[in-house]
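Heads up: the structure comes next, in structure tokens.
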Amino acid sequence: MIRRHFLLEGIVQGVGFRPFVHRLAARLALNGWARNTAAGLELELEGPAGALEEFRRTLQHNPPPLAVLEKIREEDIPPTGETGFAILPSAAGEAATLVSPDLAPCDACLREMNDPCGRRYRYPFTNCTDCGPRFSIVRRLPYDRPATTMAGFTMCPDCAAEYRDIRSRRYHAQPNCCPVCGPQAFYRDAEGNACRGDPLALAQQTLAAGGIVAVKGTGGIHLACRADSPDAVARLRRRKHRPEKPLALMARDLAAVTRFCHCTDAEAALLQSPRRPILLLPKKDPAGQGWLSATTRLGVMLPYTPLHILLLDGTSGGPDLLVMTSANRSGCPVLLDNDAALTVLRGIADGFLLHDRPIANRCDDSLAMVWRGAPVFFRRSRGYAPQPILLNRDVSGVLAFGAEQKGSFAAGRGRHVFMNQYIGDLKNAETLDHYRTALLGTLQLFGVQPTVLVCDLHPDYVSTREAEEMAARQHLPLRPIQHHWAHMAACMADNRLEGPVFGLIWDGTGLGEDGSLWGAECLVGDYHGYRRVGSIRPVALPGGDVCAVEIGRTALSLATDAGCPAAAPDFARRAGVTALLKSGYRCVSSSGMGRLFDGVYTLLTGRTEAGYDGQAPALLEALAEGTAPADVYVPTYYEEDGVRRFDTRPLIRTLCAGKAAGTSIAALAAGFQQALCRMALDQCRALNPDRLPVVLSGGVFLNRALLEGVTTLLEGAGYRVYTHRRVSPSDEGLALGQLAIGAAGL
């Protein structure tokens, strides 16, 4: 007989690990105890050596479904002769454990919800140790009911019996509840008045009639309306002041999805997985459902809470397909609080389906596309956060503050990197408050003590100022990192590469070492340093940031630089912009790929303003999809100050001439993208003579045609190509690269 002390690290709390250990110990006739601690799951077991080895093998190879077991620490200690097995009260201490993301209901819970004879029949908060809310309800660790937003709900005798019963899948399930003792849903009318009747039936009836309903989920509140009604969607767009941006959809089941979208097996598997992200799927009719999205794809998810499942089941005439978009003021974070929703959404929502379980951590829906069988994230949030990114090296104490437009941060503890859920543009005061709250919450929840701070090189980014203030307040060193180097390092860290690598970094803009705005860069380096070896010809941005909205300005600048200003469409302030271009006043220079897309889209279509960030590149990608490319242009290059630049002027002239000659603008758009793919291969051949691994990063690589085209060409030429898989290639994932560079410099 021997006795062994174990410490299990990873996602081992809130996922049924203690009852799993209890049942396993009973099966193997092992005695001892288990308890949650801030460091993980601690246990002592006593019994035959063979039984202890079998226990360890089962832990490693068959843990609970939602658990992520990263490390098993064990040590033999003197036997005590203890008999039986006990789950002890949790022990506080220095945080070192992890928290599971919020996950969709398991099959067993769904069967209970649909059982008319069961006590949880149609109960919208059914959960067990294998599913349900986690991150959105936890306030602190160890993960026990008093540390969650379920603290105010005392379990009834039946639920308490389940909680104590080792044979139950709700054994020590912290959110365990039922209609007698748990949270309750309720319905309010447009004025916020209480309505009698089944709240889910009332919501379905409002939706069926074309109304708009505010729906509270796990990590925030949505605005919903029937997706098959252009009038209902137009009303929602008008009231929410969202005239053009694509709207996310929630479908009852896979059959509803495949009625209007193509869906591969890999996409279907991810849609139905417990993580339930929004997936971008191709429309069966590329020109269809224009009231939902002007592109060829729709963002679709399946219901991920019992409440959503019941809302979409059609039992009271409700539709099987809903628009499900974040409920918020324009540019602000998604709403969490019932009272705030009733105030802010008055005049927008025709009804409110709410509940009384508080939300501790705001968490928007994740958005991804499936490429080569795996997700590529536009944003990584619900279903994934706060599960950390595991790196090859110790990054303890490094805190990275990200960029600005897609606010993010990354905090290091051991080999774990804790990254934020979706936040948004930090220029908005409410979003900045969300950023600060999420950052402080992450540091406290996971016990991260910053010792080194890292931020973007741009001095005017809000995130940079936040870093400077913390550095001054806590007397910590602060290191600014060039934007595109951080992108390159993010893709390296995402793939656990050590370098050196050749980076193709294509995004909107970021401050360069020379004071200009970079954006389509070829870099060579690793976590310790880099060289800029290639780029594209910079274009003047008359008026600066306003060009991101008034994209006609960029088109005029490109056409003027190419010697064909008459090809640019007219717009209200054209004369003034022309004067700026001639004088150079307020004309910052940019080699941003995003701005090139803006200008080309305007030159091809005549549209001179963007309705939302990234609209022109998205519409250009959609315009080109499925079209044979025009033979636009063979790329040419010139060298300037040691940087090999792609010359955009012949390309712009060719596009303008093609349009004037009547060539299909869709074919020209496809040809433009093809020319960029050729350029990527040319630059790699010329600037990567050592055939270093190639990493692709930056938000432009969320363009599926460029991601596939560049990767295919480079792989065909024999290069090893690495893309993002665990974080977004956009600025949202950039903080991971900042942190990796900061850690390497320690």
Side-chain angles (χ1 to χ4, degrees), residues 403-406 425 456-458 460-461 482-488 490 503-523 532-562 577 580-581 586-603 610 612-621 635 640 643-649 651-652 655 672-673 675-677 679-680 683 696-703 706-707 710 728-734:
E404 181 173 83
Q405 191 170 38
K406 293 178 175 61
D425 187 351
D456 195 272
L457 185 65
H458 201 305
D460 293 332
Y461 277 177
Q482 200 281 322
H483 189 90
H484 300 91
W485 182 23
H487 267 302
M488 181 177 79
L504 284 171
I505 316 301
W506 292 359
D507 73 349
T509 55
L511 183 64
E513 302 276 6
D514 59 2
S516 68
L517 295 180
W518 296 0
E521 310 307 318
C522 302
L523 308 179
R532 185 194 193 201
V533 295
S535 187
I536 67 174
R537 179 176 176 82
V539 61
L541 300 180
D545 285 349
V546 71
C547 289
V549 176
E550 297 181 18
I551 56 179
R553 292 172 177 247
T554 307
L556 179 59
S557 181
L558 285 169
T560 301
D561 184 48
V577 172
L580 288 178
L581 288 170
R586 294 190 65 201
C587 288
V588 63
S589 176
S590 169
S591 59
M593 186 67 83
R595 300 293 78 82
L596 177 62
F597 266 81
D598 288 345
V600 167
Y601 182 73
T602 293
L603 292 172
Y612 58 88
D613 175 56
Q615 182 184 30
L619 293 179
L620 189 144
E621 178 187 6
E640 181 180 60
V643 176
R644 188 175 191 257
R645 293 189 181 273
F646 168 59
D647 194 345
T648 56
R649 292 171 295 184
L651 172 61
I652 297 301
L655 289 170
F672 165 68
Q673 292 186 149
L676 296 182
C677 295
M679 181 263 285
Q683 291 284 62
L696 308 182
S697 191
V700 173
F701 283 112
L702 290 170
N703 177 312
L706 290 185
L707 180 62
V710 170
S728 173
S730 73
D731 281 5
E732 181 185 283
L734 176 141

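Scope of the values below: all heavy atoms of this structure, side chains included, with no hydrogens, waters or symmetry mates.
- Across all non-hydrogen atoms, the minimal contact from L603 to A559 is CD2-CB, 4.3 Å.
- Ring geometry for H487 against H484 counts as tilted: the plane angle lies between 30° and 60°, on a 0 to 90° scale.
- Between the OG1 atom in T560 and the CG atom in L581 there is a gap of 5.5 Å [rounded to 0.5 Å].
- Across every non-hydrogen atom of S589 and S516, the tightest pair is O-CB, 3.9 Å.
- With sequence neighbours excluded, no residue satisfies salt bridge (charged side-chain N to carboxylate O under 4.0 Å, His left out) with R644.
- Between T509 and S590, the shortest heavy-atom distance links the atoms CG2-OG, 3.3 Å.
- Proximity of F646 to L676: side-chain heavy atoms (C-beta onward) are separated by under 4.5 Å at one or more points.
- Two residues are said to be in side-chain contact when any heavy atoms from C-beta on lie closer than 4.5 Å; E621 and Y601 fail this criterion.
- Classified by interplanar angle (parallel below 30°, tilted 30° to 60°, perpendicular above 60°), the ring pair F701/W506 is parallel.
- Residues forming a salt bridge (charged side-chain N to carboxylate O under 4.0 Å, His left out) with R645 (at least two apart in sequence, or on another chain): E640.
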### Query
Where do C677 and L706 land on the side-chain contact (heavy atoms from CB on, under 4.5 Å) test, with the steps shown first?
CA-CA 6 Å; C677 295; L706 290 185; 3.8 Å; yes
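- With K406 as the fixed residue, the salt bridge (Lys or Arg N to Asp or Glu O under 4.0 Å) test singles out one of D731, D425, D613: D613.
- The CG atom of L558 lies 9.0 Å from the CG atom of L541; values are rounded to the nearest 0.5 Å.
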### Query
Taking it one step at a time, do D598 and Q615 satisfy side-chain contact (heavy atoms from CB on, under 4.5 Å)?
CA-CA 8 Å; D598 288 345; Q615 182 184 30; over 6 Å; no
### Query
Run the side-chain contact (heavy atoms from CB on, under 4.5 Å) check on I505 and H483 step by step: do they pass?
CA-CA 10 Å; I505 316 301; H483 189 90; over 6 Å; no
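- L702 and S730 get closest at one heavy-atom pair: CD1-CB, 4.2 Å.
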### Message
Test side-chain contact (heavy atoms from CB on, under 4.5 Å) on S591 and E521; report intermediate values, then the result.
### Response
CA-CA 8 Å; S591 59; E521 310 307 318; 2.8 Å; yes
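- The main-chain N or O of C547 is never found under 3.5 Å from a side-chain atom of R553 such that the two would form a donor-acceptor pair.
- Looking at residues two or more places apart in sequence or on another chain, you find a ring-ring contact (aromatic ring centres under 6.0 Å, His included) between W485 and Y530.
- Few gaps surround CG on D514; more than 12 heavy atoms of other groups in view lie less than 6.0 Å from it.
- The closest side-chain heavy-atom distance from L655 to V600 is below 4.5 Å.
- A donor-acceptor pair under 3.5 Å is absent between the side-chain atoms of S728 and the main chain of G733, judged by distance alone.
- The heavy-atom pair separating A675 from L651 by the smallest distance is CB-CD1, 4.4 Å.
- Here E404 contributes atom CD and H458 contributes atom NE2; the two are 7.5 Å apart, rounded to the nearest 0.5 Å.
- The two atoms that bring L504 and A680 nearest to each other are CD1-CB, 3.9 Å, heavy atoms only.
- A donor-acceptor distance shorter than 3.5 angstrom exists from the side chain of S557 to the backbone of A540, with no hydrogens or angles considered.
- The OG1 atom of T554 lies 13.5 Å from the CZ atom of F597; values are rounded to the nearest 0.5 Å.
- For the atom pair CZ (R595) and CG (D507), the distance works out to 9.0 Å, reported to the nearest 0.5 Å.
- At least one side-chain heavy atom of M679 sits less than 4.5 Å from a side-chain heavy atom of I536.
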